[in-house]
Amino acid sequence: MEKRKQRKSQRRSGNGELIMSYSCTIPTCKLSRRDTQTVVKWKFLEHKGPVFAPPYEPLPSNVKFYYDGKVMRLSPEAEEVATFFAKMLDHEYTTKDIFRKNFFKDWRKEMTAEEKAKITDLKKCNFSEMNEFFKAQSEARKAMTKEEKQKIKEDNERILQEYGFCIMDNHRERIANFRIEPPGLFRGRGDHPKMGMLKRRIRPEDIIINCSKDSKHPEPPPGTRWKEVRHDNKVTWLVSWTENIQGSIKYIMLNPSSRIKGEKDWQKYETARRLKKCVDRIRNQYREDWKSKEMRIRQRAVALYFIDKLALRAGNEKEEGETADTVGCCSLRVEHIKLYPENDGQEYVVEFDFLGKDSIRYYNKVPVEKRVFKNLQLFMENKEPDDDLFDRLNTSILNKHLQELMDGLTAKVFRTYNASITLQQQLKELTNAEENIPAKILSYNRANRAVAILCNHQRAPPKTFEKSMQNLQTKIDAKREQLSDAKRELKSAKADAKVRKDEKSKKSAVQRIEEQLMKLEVQATDREENKQIALGTSKLNYLDPRISVAWCKKWGIPVEKIYNKTQREKFAWAIDMADEDFEF
DNA sequence: GCCCGAACTTAGCATTAGGGAT
DNA sequence: ATCCCTAATGCTAAGTTCGGGC
């Protein structure tokens, strides 16, 4: 199938200017949402540049590599790449054909002529001594003394203080990823055609530095030079380089706690709130469009219905063979849905089954409106399974249309909007004023869970899940035991006049234990329900933090129960801003 | 209008840290 | 003091969006 291309989104007009009045660490400023690329992002930017991966340390000579059963000494270049593979021996990756093929091809490129001539078959390579060496190394690291660990910690802290911060417009801001990605073997997600390829080491000569002219420019390591030093204040990144697997650009940017990220995040939620105001109109419009005489408009309207109702991603085209075969809404193929005029007593059911972002499976059976169903039948007529479902549509066309419906509206805004509004509704519905704090937090997590399910944020069940459930159950059993003991004691205290004076303290003991038991039980329920669901992604990226802050204030829940330290830093703007009356 | 690439957000898994249990 | 487990953090891949060039 060839790649359909897209593009050119219409220049936005109108005035969507958002004034940031918040000013704690965030200075008052204007940032127009629409011109991401054209507006000044900073006036002054100074930083120390990136931290490079440590140089390769050759293996000690007693750690041997064997080819075809015989010891073979590798050149440092070939050895380094071999160690990347050796470190992964326990991983399933190394058994996969594509991974092995890609690795071997790239490894051979690093070999000397002699090595290349000799090493012709990966199956004859024995990396096990290397593998054991690295395992021993990591054991040794774990077994280090307190002092040694402390020393490492202090060294890291020093590096963090030196390279982990920059000055942007009078503020010292935390940098997100100031370390350059070390070389290694590429691990794509899912069935990635490039898995196993060598991710090459990044050198100063690959690095573009971005900082302000009047700042103290970062120095490249002695004897090296930067690829370029530029002064582009229309972008937010400090450092960039081109990665060799996909040829894409990687960036060093600021931490989510920074002014520049916080403002952007705020804007995102403000756009979603504007959608709230006009979503009814938009829904009516696309329902009308299901009846359009133009196929492209019907397709657009059905796709938008899916994006709205099911929180699907936009679904850009992807170049075949370059990445795993995954889809979103606009790139759905006929093979990804099944139509059931009737299913389990429901009419017009659509079954979705496809791999989405990160090759996470989306499986869902949903009843849809008759008109949607009929349209889908129409779109599927005379098509092969691997044909596009929406052959007259792509993300560019869809977003152009959305832009006309509301300034700043794109497909992803629906995900933000539906996630946030769902949290707000669910919190209203699930929070019980009578309940104690742990129970309220369970309600919060359940509301969060509803969103995660909507957005299909899944996770592999933790490897230790069963065991950790068991541990918790053991604790609960012990607590129950303790409770009945305490109750028995209370009873006898009541009965026995001599110990009567103990009654009060026994009573409060029972109460305390009951509370502890309840807390454990809530924890067990929460954990069980969360087995395959990841709450973090929605919490961090889709839920307007002001909803959570307002909820905490309303019910007297410490915000620390909902957001950990990092999250509180990221959402400082919201914690500062929202009162208990905040409405998304 | 089409295509490409830059910039930025979103994503799950791996590793580490630190707090409670022993 | 050490061990063990969970929660937090780190890492980097994989998306979306938009502007620019033709």
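Below, read A as the first sequence line, B as the second, and so on, with proteins coming before strands; counting in each chain starts at 1.
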Identify whether any heavy atom of [X] sits under 4.0 Å from a base atom; if not, whether one sits that close to sugar-phosphate; answer base, sugar-phosphate or nothing.
| X | answer |
| --- | --- |
| A:Arg313 | sugar-phosphate |
| A:Glu243 | nothing |
| A:Lys199 | sugar-phosphate |
| A:Pro256 | nothing |
| A:Gly356 | sugar-phosphate |
| A:Lys194 | nothing |
| A:Ala411 | sugar-phosphate |
| A:Thr236 | sugar-phosphate |
| A:Leu540 | nothing |
| A:Thr323 | nothing |
| A:Arg415 | sugar-phosphate |
| A:Lys412 | sugar-phosphate |
| A:Phe186 | sugar-phosphate |

[X] side chain: which of [options] is closest?
| X | options | answer |
| --- | --- | --- |
| A:Ala534 | C:dT12, C:dC11, B:dG12 | B:dG12 |
| A:Tyr251 | B:dC8, B:dT10, C:dA14 | B:dC8 |
| A:Asp232 | C:dT12, B:dA11, B:dA7 | B:dA7 |

Review point. With nearest nucleotides of DNA chain B determined for A:Arg141 and A:Arg459 from heavy-atom distances, which residue corresponds to the more 5′ nucleotide?
Key: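 Taking each residue's closest nucleotide, the earlier one in sequence belongs to A:Arg459.
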**Study point:** Earlier contact from the 5' end, DNA chain B, for A:Arg187 and A:Thr416
**Key:**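 Going by which nucleotide is closer to the 5' end, it is A:Thr416.
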Output yes when at least one side-chain N/O atom of [X] is less than 4.0 Å from OP1 or OP2 of [N], else no.
| X | N | value |
| --- | --- | --- |
| A:Lys357 | C:dT16 | no |
| A:Lys234 | B:dA7 | no |
| A:Thr326 | C:dG15 | yes |
| A:Asn316 | C:dT16 | yes |
| A:Lys261 | B:dT9 | yes |
| A:Tyr542 | B:dT9 | no |
| A:Lys153 | B:dG18 | yes |
| A:Lys268 | B:dT10 | yes |
| A:Lys565 | C:dA8 | no |
| A:Ser248 | C:dA13 | no |
| A:His457 | B:dT10 | no |
| A:Thr410 | C:dT16 | no |

Just the rounded figure in Å: distance from [atom2] of [N] to [atom1] of [X].
| X | N | atom1 | atom2 | answer |
| --- | --- | --- | --- | --- |
| A:Ile252 | C:dC11 | CD1 | C1' | 13 Å |
| A:Lys87 | B:dT15 | NZ | P | 11 Å |
| A:Gln532 | B:dG12 | CD | P | 13 Å |
| A:Asp90 | B:dT15 | CG | P | 11 Å |
| A:His192 | C:dG15 | NE2 | P | 9 Å |
| A:Trp237 | B:dG5 | CH2 | P | 17 Å |
| A:Gln267 | B:dC8 | CD | P | 12 Å |
| A:Arg361 | B:dG12 | CZ | P | 16 Å |

Practice item. Ignoring hydrogens and angles, state whether a donor on the side chain of A:Ser212 or A:Asn233 is under 3.5 Å from an acceptor on the partner side chain. Key: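 Per modelled atom types, A:Ser212 and A:Asn233 side chains form no pair under 3.5 Å.
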**Study point:** Modelled atom types, side-chain donor and acceptor of A:Asn399 and A:Thr410, under 3.5 Å
**Key:**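 Absent: no donor and acceptor within the cut-off.
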**Study point:** Pairing residues for A:Ser248 by the side chain to side chain contact (heavy atoms under 4.5 Å, CB included) criterion, not counting sequence neighbours
**Key:**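 With sequence neighbours excluded, A:Ser248 shows a side chain to side chain contact (heavy atoms under 4.5 Å, CB included) to A:Glu243, A:Gln246, given in chain and number order.
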Practice item. Assign each of A:Val327 and A:Gln567 to its nearest nucleotide of DNA chain C by heavy atoms, then name whichever residue's nucleotide is nearer the 5' end. Key: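 Closer to the 5' end of DNA chain C: A:Gln567.
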**Study point:** Given DNA chain C, 5'-ward residue of the pair A:Leu185 and A:Val413, judged by closest heavy atom
**Key:**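 So the residue in question is A:Leu185.
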Side chain to side chain, [X] and [Y], heavy atoms closer than 4.5 Å:
| X | Y | result |
| --- | --- | --- |
| A:Val235 | A:Tyr251 | no |
| A:Thr395 | A:Ile397 | no |
| A:Ser331 | A:Asp388 | no |

Review point. Residues in ring-ring contact (aromatic ring centres under 6.0 Å, His included) with A:Tyr305, at least two apart?
Key: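 A:Tyr305: ring-ring contact (aromatic ring centres under 6.0 Å, His included) contacts with A:Trp290.
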Please identify each residue that fulfils side-chain hydrogen bond (donor to acceptor under 3.5 Å, both in side chains) with [X], with sequence neighbours left out.
| X | value |
| --- | --- |
| A:Asn244 | none |
| A:Ser548 | A:Tyr444, A:Tyr563 |
| A:Glu139 | A:Lys142 |

Check your understanding: Thinking salt bridges, do A:Arg333 and A:Asp391 make one under a 4.0 Å N-O criterion?
Key ->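 No, A:Arg333 and A:Asp391 are not salt-bridged.
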Point to revise | DNA chain B base-pair string [pairs: Watson-Crick or G-U under 3.5 Å; |: paired with another strand] | key: ||||||||||||||||||||||
Review point. Counting only distance, no hydrogens or angles, is the base of B:dT9 paired donor-acceptor with the side chain of A:Lys264 under 3.5 Å?
Key: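 Not at all, since no donor on one side and acceptor on the other fall under 3.5 Å apart.
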